[in-house]
Amino acid sequence: MAYPERFSNLPEYAFPRLRSLLDSYEPGGEVMHMTIGEPKHAFPDWVADIIAENIAGFGSYPPNDGSPELCASIVAWLNRRYGVTVDPATQIMALNGTREGLFNAALALCNETKNGKQPVVLTPNPFYQVYAVAAAAVGAEPVFVSADPGNGFLPDYASLPADVLDRTAIAYLCSPTNPQGAIADRAYWETLIALAEKHDFRVFADECYSEIYRDTAPVGAMQVAREMGADPNRVVIFHSLSKRSNLPGLRSGFVAGGADDIARIKRLRAYAGAPLPLPLQRVAERVWADEAHVEENRRLYREKFTLADQIFDGVPGYAAPQAGFFLWLPVEDSEDAAMKLWLETGVRVLPGAYLAREVDGQNPGKGFIRVALVAPITEMQRGLIRLRDCLYR
Ligand SMILES: Cc1ncc(COP(=O)(O)O)c(C=O)c1O
């Protein structure tokens, strides 16, 4: 059975690819999974009570756009966090996790042509994989722009030729970045938003790691766009409770942007969306309103980062991440390193090449492995020491 042509260039997803690489070999020691970015710190214990109190809500179809109470809680958070004022009725939509939102927003907002030609979708390289699938689904040409140590792990979209920028419909930018943990600062956002204004494209700001930072809270894309007086429909932001609140299984996030864009997203999703069940919307409403658990979560990650800095002290090319919960460690060849580590220690990490695309014969992820710091700290410490001794000693 032939796969539709538009998806024929999609490589196999990173995790089955890793299974094909490693699973026919015996691990060299206690198996430790440092591959998937699934948060493991505790989520607030009152979540269970809210579900129980609202259990009858499973008997109703949920409000598609998000309950008024949930939207109000989200806009209050946006205001506290970024100082922006957002209309809960027209500028917010609840999502079933940001992954589907990052995909569905492209369906709603990317036209068939841009300036009479095939549209372009810009994505950092390496990148969160849904960006490429969204580009394929809307018939756009994906342009993968290297995010490497030379540019502080943030793609230099401004260096692209003007004809590519004129065809650009959407530029994805993740900040803090997955996998490298870099933060786009105010100047970076200003340059990108000014470029988007000049070439008339939208910026999709994937900010789902915004609350997992070490020292300073990352500035927000919407905040900067407002300060610049940019077109309100220029920037669309995506946020999630998966990382902030250790609730990846709740599948709860939101998209916010200009009223026209959000109206288009809402209309499409009224037909084909998968709204969050009402009891879970009630949970999300309360979780956005609470910061105590988020501060505790950051404290736990800070401890892990400090430990990682100690363990990798002196390792050439080690860059302490500013945010997120991954290490992006330099190696010769990412598949070889993942294989050696598995065979000699049983530690499992993701080859960076699986998160990036080859452009002009270069894969900017090939010289890195991604290591998730989600396991309990003592287990993480054992894994990192084994990793360091295997690959860097
Ligand atoms: C960069 C990035 N964006 C979006 C997501 C999706 O998160 P969720 O759908 O759980 O909100 C993830 C999850 O791993 C991610 O790493």
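In this text, all values refer to a predicted model and were calculated from it rather than measured experimentally. Computed from heavy atoms alone, side chains included, the values below leave out hydrogens, waters and symmetry copies. For ligands, and for the atoms within them, numbers begin at 1 and follow the listed sequence.
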Nearest neighbour in protein (non-hydrogen) for atom 3 (N) of ligand 1: Asp206 OD2, 2.6 Å

Nearest-neighbour protein heavy atom for atom 13 (C) of ligand 1, which is reported as residue plus atom name and distance: Lys243 NZ, 2.7 Å

Nitrogen or oxygen atoms of Arg99 and ligand 1 under 3.5 Å apart: yes

Linked, directly or transitively: Tyr354 and Val331 (ILVMFWY side chains, under 4.5 Å): no

Ligand 1 versus Tyr209: contacting region, heavy-atom distance under 4.0 Å: side chain

Region of Arg251 engaging ligand 1 - heavy atom pairs below 4.0 Å: side chain

Atom 8 (P) of ligand 1 [closest protein heavy-atom partner, distance rounded to 0.1 Å]: Thr98 OG1, 3.3 Å

Parallel, tilted or perpendicular: rings of Tyr301 and His41 (30°, 60°): tilted

Phe127/Phe144 aromatic ring centres below 6.0 Å: yes

For atom 4 (C) of ligand 1, closest protein heavy-atom neighbour: Tyr128 CE2, 3.3 Å

Ligand 1-proximal atoms of Asn178, by part, heavy-atom distance under 4.0 Å: side chain

Exam field: side chain Glu227 to backbone Glu190, donor-acceptor pair closer than 3.5 Å: no

Check: Tyr318/Asp313 side-chain N/O donor and acceptor closer than 3.5 Å: no

